[in-house]
Amino acid sequence: MAETVDTPTAILASAAASLREHTFDDISYRSLGDAVSERTIYRQFPTRSHLLEGLALWLEETEFPLPAFVTIPQFQAAMRQRFVDFDGSPAFAFVCARAASISPTGEAEPTFLTRTVEA
């Protein structure tokens, strides 16, 4: 049986697939309309800043998961692996970094790298 995908996830997966061929600035809501209607995209992500933030969070969870660590050497290994993953997917890493640095829609929650250091 096929796994059902919720609407925001379908939109974000479509945006991530588009990132393989285009920059974030070149991805339009209309081009994402293949997954769902353009109107639905605007309901889920009213502005491009909302889309940027949502995409960055989704990419962080799916493409750059942080392995568990307890010790300093495990932390160092986790960070090394994350940077290797970033090097393997520069477009995805750029979207995450851009959202962390300029997205005005985000809550006052720290970025994933800050959460890692704090942990």
Side-chain angles (χ1 to χ4, degrees):
M1 182 177 225
E3 183 180 329
T4 58
V5 177
D6 61 17
T7 301
T9 301
I11 295 167
L12 296 172
S14 179
S18 294
L19 276 176
R20 296 189 189 284
E21 297 176 15
H22 307 286
T23 66
F24 179 78
D25 292 332
D26 293 335
I27 298 172
S28 69
Y29 276 39
R30 179 169 288 172
S31 69
L32 296 177
D34 294 341
V36 294
S37 74
E38 190 174 347
R39 187 176 190 178
T40 301
I41 296 169
Y42 276 104
R43 279 192 209 124
Q44 296 295 323
F45 303 100
T47 67
R48 292 195 50 83
S49 292
H50 288 97
L51 178 61
L52 176 65
E53 180 183 0
L55 181 58
L57 290 173
W58 187 77
L59 287 172
E60 177 189 341
E61 292 171 3
T62 59
E63 299 292 323
F64 306 120
L66 187 64
F69 59 87
V70 176
T71 66
I72 296 296
Q74 290 173 336
F75 167 75
Q76 292 169 332
M79 293 311 324
R80 271 195 288 288
Q81 183 58 49
R82 179 159 272 186
F83 283 107
V84 166
D85 294 342
F86 287 164
D87 287 342
S89 299
F92 291 171
F94 178 77
V95 166
C96 291
R98 182 175 174 185
S101 64
I102 66 170
S103 182
T105 62
E107 309 236 345
E109 183 179 327
T111 65
F112 60 90
L113 188 55
T114 304
R115 290 192 308 266
T116 302
V117 171
E118 289 173 349

Query - With L12, the side chain to side chain contact (heavy atoms under 4.5 Å, CB included) member among L55, T62, L57 - result: L55

Report summary line: In short, A56 meets C96 closest at the heavy-atom pair O-SG, 3.6 Å

Query raised in the report: Are the side chains of F24 and R48 in touch, meaning some heavy atoms are under 4.5 Å apart?
Result: yes

Query raised in the report: For Y42, what residues pass the side chain to side chain contact (heavy atoms under 4.5 Å, CB included) criterion, not counting sequence neighbours?
Result: Y29, E38

**Report entry** Non-neighbouring partners of D26 that pass side chain to side chain donor-acceptor pair (under 3.5 Å), sequence neighbours left out
**Finding:** T23

Query - Atom of G54, atom of F45 and distance for their closest heavy-atom approach - result: CA-CE2, 4.2 Å

Report task. For a side chain to side chain contact (heavy atoms under 4.5 Å, CB included) with S14, tell me which candidate from L19, I27, I41, L32 qualifies. Result -> L32

Query raised in the report: Does one hydrophobic cluster hold both F94 and F83, with members joined at side-chain heavy-atom distances below 4.5 Å?
Result: no

Query raised in the report: Taking all atoms of both residues into account, what is the closest heavy-atom pair of Q74 and V70, and its distance?
Result: OE1-N, 2.6 Å

Query raised in the report: Considering residues at least two apart in sequence or located in another chain, which fulfil the side chain to side chain donor-acceptor pair (under 3.5 Å) criterion with T40?
Result: S37

Requested in this report: Any chance you could measure E60, atom CD, to R82, atom CZ, to the nearest 0.5 Å?
Outcome: 5.5 Å

Query raised in the report: In Å, rounded to the nearest 0.5 Å, how long is the span from CH2 of W58 to CD of E53?
Result: 16.0 Å

Query - Separation between CD of Q76 and CE of M79, rounded to the nearest 0.5 Å - result: 11.0 Å

Report task. Using modelled atom types only, decide if a donor and an acceptor are shared between the side chain of R98 and the backbone of L52 within a distance under 3.5 Å. Result -> no

Report task. Take R20 and F92 through the test side chain to side chain contact (heavy atoms under 4.5 Å, CB included) and record every step on the way to the result. Result -> CA-CA 9 Å; R20 296 189 189 284; F92 291 171; 3.7 Å; yes

Report task. Taking the side chain as every heavy atom from C-beta outward, state whether F64 and S89 have any pair of such atoms under 4.5 Å apart. Result -> yes

Query raised in the report: Is E63 reaching over with its side chain to a backbone N or O of L59, donor-acceptor style, under 3.5 angstrom?
Result: no

